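Quick notes on the structure that follows.
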6 protein chains.
Amino acid sequence: MRQKQVLLSSHQPSLMNLKVLQALMRKQITALSYEYLKDEGGHLTVVRAMSEIVGATSVLIAAEYLSNVFDGKGLMLGGVTGVPPTEMVIIGAGTVGEYAARTAIALGAQVKVFDSSVYRLRRLQNNVGSRVFTSVMQPIVLNKAVRSSDVVIGAVRATNGRSPCIISEETVSRMKPNSVLIDVSIDQGGCFETSEVTTHDKPVFRKYDVIHYCVPNIASRVARTATYALTNILTPLLVQIGECGGMNNMIWADKCIRSAIYLYQGMLTNKDIAEKFNLPSKDLDLIIVANQ
Amino acid sequence: MRQKQVLLSSHQPSLMNLKVLQALMRKQITALSYEYLKDEGGHLTVVRAMSEIVGATSVLIAAEYLSNVFDGKGLMLGGVTGVPPTEMVIIGAGTVGEYAARTAIALGAQVKVFDSSVYRLRRLQNNVGSRVFTSVMQPIVLNKAVRSSDVVIGAVRATNGRSPCIISEETVSRMKPNSVLIDVSIDQGGCFETSEVTTHDKPVFRKYDVIHYCVPNIASRVARTATYALTNILTPLLVQIGECGGMNNMIWADKCIRSAIYLYQGMLTNKDIAEKFNLPSKDLDLIIVANQ
Amino acid sequence: MRQKQVLLSSHQPSLMNLKVLQALMRKQITALSYEYLKDEGGHLTVVRAMSEIVGATSVLIAAEYLSNVFDGKGLMLGGVTGVPPTEMVIIGAGTVGEYAARTAIALGAQVKVFDSSVYRLRRLQNNVGSRVFTSVMQPIVLNKAVRSSDVVIGAVRATNGRSPCIISEETVSRMKPNSVLIDVSIDQGGCFETSEVTTHDKPVFRKYDVIHYCVPNIASRVARTATYALTNILTPLLVQIGECGGMNNMIWADKCIRSAIYLYQGMLTNKDIAEKFNLPSKDLDLIIVANQ
Amino acid sequence: MRQKQVLLSSHQPSLMNLKVLQALMRKQITALSYEYLKDEGGHLTVVRAMSEIVGATSVLIAAEYLSNVFDGKGLMLGGVTGVPPTEMVIIGAGTVGEYAARTAIALGAQVKVFDSSVYRLRRLQNNVGSRVFTSVMQPIVLNKAVRSSDVVIGAVRATNGRSPCIISEETVSRMKPNSVLIDVSIDQGGCFETSEVTTHDKPVFRKYDVIHYCVPNIASRVARTATYALTNILTPLLVQIGECGGMNNMIWADKCIRSAIYLYQGMLTNKDIAEKFNLPSKDLDLIIVANQ
Amino acid sequence: MRQKQVLLSSHQPSLMNLKVLQALMRKQITALSYEYLKDEGGHLTVVRAMSEIVGATSVLIAAEYLSNVFDGKGLMLGGVTGVPPTEMVIIGAGTVGEYAARTAIALGAQVKVFDSSVYRLRRLQNNVGSRVFTSVMQPIVLNKAVRSSDVVIGAVRATNGRSPCIISEETVSRMKPNSVLIDVSIDQGGCFETSEVTTHDKPVFRKYDVIHYCVPNIASRVARTATYALTNILTPLLVQIGECGGMNNMIWADKCIRSAIYLYQGMLTNKDIAEKFNLPSKDLDLIIVANQ
Amino acid sequence: MRQKQVLLSSHQPSLMNLKVLQALMRKQITALSYEYLKDEGGHLTVVRAMSEIVGATSVLIAAEYLSNVFDGKGLMLGGVTGVPPTEMVIIGAGTVGEYAARTAIALGAQVKVFDSSVYRLRRLQNNVGSRVFTSVMQPIVLNKAVRSSDVVIGAVRATNGRSPCIISEETVSRMKPNSVLIDVSIDQGGCFETSEVTTHDKPVFRKYDVIHYCVPNIASRVARTATYALTNILTPLLVQIGECGGMNNMIWADKCIRSAIYLYQGMLTNKDIAEKFNLPSKDLDLIIVANQ
């Protein structure tokens with residue numbers, strides 16, 4: 001069996017362009033999306049690494065826009081004795097939410113974490129160590145918390161497709177002037193009704209006098225750290241591929257790799273992409289058995 | 001010089017009865033109030049020990065009255081994942097306030113500490129270790145916090161005389177039903193306008209549907225612990241008096257003791273008591289020099 | 001297929017009455033016991049939420065019965081500098097034991113945790129964070145620890161049926177006077193030989209001068225917190241059932257739900273209940289396949 | 001004695017202009033510099049409050065200039081698992097150094113604190129809680145640490161006059177490209193040889209490819225927080241002055257106030273200012289005694 | 001089916017002697033290696049217990065050889081204020097590495113942990129709680145860290161067979177004089193090129209003036225603790241075997257036991273041992289099914 | 001005034017030999033004992049630095065003698081999950097006691113600290129951070145704790161002269177076999193009745209099967225760390241003396257130095273030494289005034 005070209009793709013399949021995909025299929029490429037790579041514990045390892053970075057960075061961004069530098073409130077994120085601390089609401093208790101909470105608590109902010117799942121809240125509570133205000137997403141409690149907060153970080157990941165809009169325009173319009181909204185879910189549509197994609201060149205806009213930060217790729221703000229984190233995962237993979245005697249052998253040997261393949265010698269093997277473009281897909285496991 | 005009778009008094013001089021005092025004076029008693037005893041660091045050591053106990057105990061009392069046992073709110077002081085934690089306001093950042101804050105934070109409550117002095121807030125912040133919400137007593141911030149809290153502990157010590165009334169009846173009337181007020185300052189008049197002295201037999205009353213706990217001597221709730229703590233301070237003192245060859249020698253040798261003497265062989269040597277009863281007092285240092 | 005009536009039951013199947021069960025079966029009810037509901041991590045989510053509450057609350061109960069209020073020892077649970085801290089033994093390193101340990105350590109008590117499984121002790125150690133005295137249940141070590149302790153909390157969950165009696169009457173009889181026993185396992189028969197069920201109205205009795213607290217449903221002491229915790233789990237479930245187009249669809253779609261069903265349209269699908277009442281049961285998975 | 005005009009000055013006496021001073025003296029002003037105000041513990045209370053803010057803020061500034069936003073290294077201050085953390089050197093273990101260390105450690109940076117005094121290092125170690133790398137200022141150790149670090153914060157306070165230049169141009173020239181220097185001591189001349197005052201409008205310059213941030217008044221970056229902190233100290237003071245019956249009474253009654261007066265009814269009472277402008281000064285205590 | 005003799009073996013199968021094995025097979029022994037025993041969470045429970053001990057103990061050994069007692073550097077492992085702390089590199093983020101890191105951090109050393117897997121580093125980070133320097137094994141970063149460190153602990157476990165040699169002789173030769181190397185992986189061949197097995201009688205040798213400690217069985221240094229830990233696991237097992245009605249029943253009933261059996265009535269059932277001695281092996285699950 | 005020879009003495013005045021002293025006096029030496037040097041906070045700075053080292057090191061010594069290396073109990077100091085942790089009693093809550101407690105707690109031992117002063121216990125409690133078992137020296141509690149412990153560290157500093165014997169031979173004789181006693185107070189006579197001075201060459205002896213470690217100068221076990229710590233204090237001092245224009249100017253300018261002078265140009269200025277040798281002494285302050 002002859003080895004075809006192999007692609008390590010850095011884009012999420014869900015953001016993929018049909019033309020590019022068809023070109024790849026024609027060239028019988030085997031393509032692997034590293035968003036789907038899993039570690040020994042079954043976690044999406046690249047997604048997790050990027051989420052750690054994004055979570056921590058989003059709090060530092062909030063600190064910047066709270067200060068006077070960009071005409072913010074003039075608040076210090078965190079606390080000084082005798083001054084009520086900055087209040088922050090974090091929506092979503094996944095990895096982004098966890099690292100945002102860790103960072104904000106470390107800086108001395110008063111943090112409230114909301115999620116729809118008690119399971120995720122428990123995991124965050126346990127990982128963060130110190131006691132955090134956690135609450136299931138009861139709309140009344142959530143909206144009240146958002147209105148009285150200085151910073152809101154939206155970090156809800158959609159299980160499939162678009163992330164749900166959680167905070168309505170009406171609630172945003174009643175927030176305190178110069179408050180800061182950071183919509184980490186913006187690449188999946190955002191979780192504030194007022195969110196609109198922005199760029200690193202012009203990262204914020206104001207609506208109802210609330211500062212919106214909606215840059216989709218926050219990790220590229222700390223590009224060197226992000227690259228290092230990525231390399232930590234990909235280098236061992238490349239070494240392994242070499243040691244295995246090529247990609248195909250690796251695909252046979254390693255379940256974790258298999259789950260990240262979306263094109264196998266030009267055949268589409270990922271259901272989500274197939275559905276998106278209305279194309280047929282095959283089951284990689286069956287292809288492999290057939291090829292043996 | 002002949003040694004007269006010696007008294008170790010357990011009551012605060014400021015609570016003293018004139019008749020008792022005059023009787024003591026007639027009998028030429030040398031009397032020591034252990035509320036005035038100081039340790040090597042210059043702190044009132046008995047007051048501090050009792051304040052540690054009272055601070056921690058007051059939070060356990062709050063837990064009791066928040067539960068259903070005495071028809072309270074049915075809340076658990078502290079937190080369960082996914083349920084917004086109990087909110088507690090502590091007024092006063094002295095030893096009582098510090099130990100109340102430590103205990104409440106340890107249990108998982110959301111604590112806000114108010115004091116008029118940034119110095120005391122800094123000391124509390126530093127001692128408690130983890131980050132606490134501290135605020136100088138800005139009436140607007142304080143009243144808002146009290147109204148939205150589940151428990152308020154008043155622990156303001158008067159520098160001289162009555163402790164100032166800090167929370168007005170109007171604010172209490174706007175608190176949430178079944179909230180709990182614990183007035184640790186009640187022996188100095190209390191720091192809530194609605195406070196009235198209660199007893200261990202009937203420790204609480206309700207006003208505006210707010211549960212008031214105003215027992216002056218909270219430490220006697222845990223009498224054995226309090227006794228142990230007291231003994232820890234008094235036993236070494238008695239041993240020292242013995243080793244010194246009597247109280248008078250001790251008074252000469254040890255400044256810390258001297259500051260606790262309010263009657264020296266029937267002569268009044270404490271200014272506060274003298275002022276209270278409009279009696280003349282002498283300076284103990286001068287008496288001692290004269291007697292040498 | 002027509003949708004029959006659906007029941008969300010709040011009682012444990014194992015506590016169920018045969019007549020009620022038969023009535024439900026006749027009416028072709030589909031019944032779900034929320035004690036069997038699992039979260040994304042495979043944990044019994046309601047049981048866990050209640051266990052967190054019970055663990056923390058049991059320590060606050062111990063504090064109450066150690067104080068003078070109910071003629072206890074007059075001890076403060078936790079510590080004051082210079083006074084040896086209260087000693088507490090916790091038997092069982094499940095969720096109840098973990099939250100009891102967290103709370104007691106936070107208050108400053110000296111805690112010893114015993115369990116028969118090193119695995120559970122390790123998990124507790126890791127979750128609690130600070131170093132805890134943990135020991136496998138070596139009878140000599142355990143009995144010595146119980147005899148010298150001020151509080152013992154029994155929180156051993158039976159894997160099936162009655163919880164084993166772990167502390168003999170003989171050991172209880174040699175405990176210090178006015179010590180406090182809290183038997184959280186009382187609803188499964190208790191883990192002290194001297195335990196007998198009590199009620200919230202008369203929650204304790206004395207035997208060998210040891211205070212026994214054996215109320216089966218400790219969580220109802222903080223009813224509002226418990227209700228909130230329960231709602232956090234059930235509300236999303238009801239919403240999901242609605243979105244799915246009814247209970248049956250949900251049962252097909254969601255494995256976690258399936259594990260909590262004990263009656264499916266009147267057919268008994270839970271082995272434990274079936275065994276208890278000597279009734280036949282069917283496998284829900286097979287029923288579903290057959291119905292498709 | 002008639003009350004003259006009173007001035008609460010916000011500028012440090014040492015930055016004072018001779019003409020202004022002479023005008024104040026002619027008008028027989030009583031002037032108080034709040035930089036000299038002391039709290040109950042004898043600490044310069046305003047200086048301390050501002051130093052807490054400056055210390056924490058300087059780390060957030062470092063985070064900004066490490067990121068890509070201003071063409072920095074592209075590093076995240078703090079750590080991601082698997083990526084060696086950012087290295088930060090803090091020179092000076094006063095309040096600024098302490099709060100910079102707390103914040104940087106909280107964010108996950110690897111911090112090394114240098115000071116010439118073991119006493120101050122011990123105090124920092126004790127206050128910060130977790131174990132920190134502290135070292136006395138051994139030039140070899142210090143210069144090596146600076147060269148391999150990503151961020152250096154200089155926070156050495158001069159006891160009198162200019163802060164000593166601690167890091168030579170030669171050492172700066174050997175730092176890694178795009179490293180960040182923050183010179184908090186710049187208002188006293190700076191502690192890096194390459195430092196030059198910058199402004200909030202153009203806060204940084206590059207020298208040897210090292211980013212220098214030398215804005216003298218860092219606290220004004222978070223103006224609202226700084227104002228709040230200042231108000232916390234000044235409001236109680238004004239209230240006290242009112243209650244005392246004017247400034248003069250306050251000066252007599254309160255030692256802490258007295259130490260902050262540098263002009264008393266036009267007479268210069270501060271030695272440092274007197275020396276600076278070669279003017280005669282009087283001892284305030286003697287003036288007061290004479291006026292009584 | 002008649003029950004044959006049963007062996008609980010304390011040696012690792014991989015260290016097994018062929019003659020002994022053949023003798024066991026002839027006698028139709030059923031043999032269980034407790035290195036393969038798993039707990040409820042699927043972890044190798046005995047290996048884990050021993051690894052906790054070895055990890056913590058290796059740091060105490062390092063402390064000994066850093067002191068003057070055995071002609072070491074004269075350093076205190078951990079820190080004193082003002083003295084740069086001891087630097088320690090830990091290679092491997094498994095249980096040994098985790099407990100070594102915990103202990104060293106607790107003592108105040110500056111710890112850097114390296115591992116090839118981000119997954120293991122994350123787990124260690126999360127378990128250890130405080131922020132640790134973790135890095136993927138980038139040769140440049142690792143070798144630089146080793147050369148500037150005072151102590152290196154090698155704790156890489158081979159997945160199968162010999163642990164890889166990670167630190168070359170060249171790197172060791174450039175370490176600081178009197179540094180300490182502890183090779184915990186020595187029983188699998190060691191992870192330093194210069195390692196050679198030593199014994200408790202003569203535990204160290206010097207090479208390039210670096211102290212090498214390469215005793216294979218570190219746990220026997222604290223024999224009583226190790227025995228206790230082992231007993232905690234084996235006693236419940238023996239009790240269970242008794243309750244089950246013998247070893248065979250236990251093997252049928254309990255998956256965890258099954259995974260630890262390497263000889264079943266004389267038949268070899270462990271692949272690794274079979275491969276090592278070039279012998280045929282059978283699948284235990286199939287044997288059991290066949291025997292039923 | 002001509003400058004005479006200056007001596008920086010490394011021995012405690014109280015250990016001083018009369019002949020040496022007289023020789024120094026004849027030669028009109030100005031001598032400074034660095035045990036009396038104070039820092040800005042009024043603490044004996046060299047004593048404190050050495051005490052930090054001794055406290056931490058004594059726990060590492062205990063770990064060594066608990067292990068099997070020197071025929072000890074075979075225990076690991078600290079804990080493994082499921083094994084009751086090592087019990088340690090620390091007598092004395094000064095700096096040595098504090099650092100011993102910190103280190104032992106960090107390693108996971110169960111620590112009980114005893115002191116005669118509640119003040120010192122409070123300070124230790126506050127500095128150590130986590131909750132420690134502290135108790136005033138009640139003989140019954142103390143002796144019971146000693147008898148059931150694995151390690152006892154005696155660190156009582158005499159205020160003047162010999163440290164009191166606190167643990168009687170009778171109590172030692174009832175300790176568990178192979179327990180470890182470390183008598184840090186041995187240079188002042190020791191605080192165990194059975195203590196006898198040992199040396200680094202033969203550091204321990206056994207009595208009643210209890211291992212006694214009574215080396216007076218524990219800090220020299222980690223000579224390099226101790227030297228570094230000492231240099232941190234003395235180097236700045238020598239620099240200051242140079243900058244001041246000699247020792248005499250320094251003595252005039254700096255109170256901290258003055259307190260450490262025991263010979264001024266041959267005149268004895270230290271009361272304790274004077275009393276010990278029955279020699280007359282002069283007040284250094286008076287000498288200086290007279291010389292001006």
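Computed from a predicted model, the values in this text were never measured in an experiment. Every chain is numbered from 1 and lettered A, B, ... according to where its sequence line falls, protein lines coming before strand lines.
Residue A229(D): no heavy atom, backbone or side chain, is found under 4.5 Å from chain B.
The environment of CG in L286(D) is crowded: more than 12 heavy-atom neighbours from other residues, nucleotides or ligands sit within 6.0 Å.
Proximity to chain B among residues 108-123 of chain D is not found for any residue, judged by heavy-atom separations below 4.5 angstrom.
A side-chain N or O of Y264(D) and one of N248(D) form a donor-acceptor pair less than 3.5 Å apart.
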Exercise answer: donor-acceptor pairs, residues 230-237 of chain D side-chain atoms, under 3.5 Å, sequence neighbours excluded:
from	atom 1	to	atom 2	distance (Å)
T231(D)	OG1	T227(D)	O	2.6
N232(D)	OD1	Q138(B)	NE2	3.3
N232(D)	ND2	G82(A)	O	2.9
T235(D)	OG1	T231(D)	O	2.8

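Screening residues 55-67 of chain D for salt bridge (charged side-chain N to carboxylate O under 4.0 Å, His left out), with sequence neighbours left out, gives E64(D)-R221(D).
Here R147(B) contributes atom CZ and S173(B) contributes atom OG; the two are 9.0 Å apart, rounded to the nearest 0.5 Å.
Judged as a salt bridge (charged side-chain N to carboxylate O under 4.0 Å, His left out), and not counting sequence neighbours, the contacts of K176(B) are D150(B).
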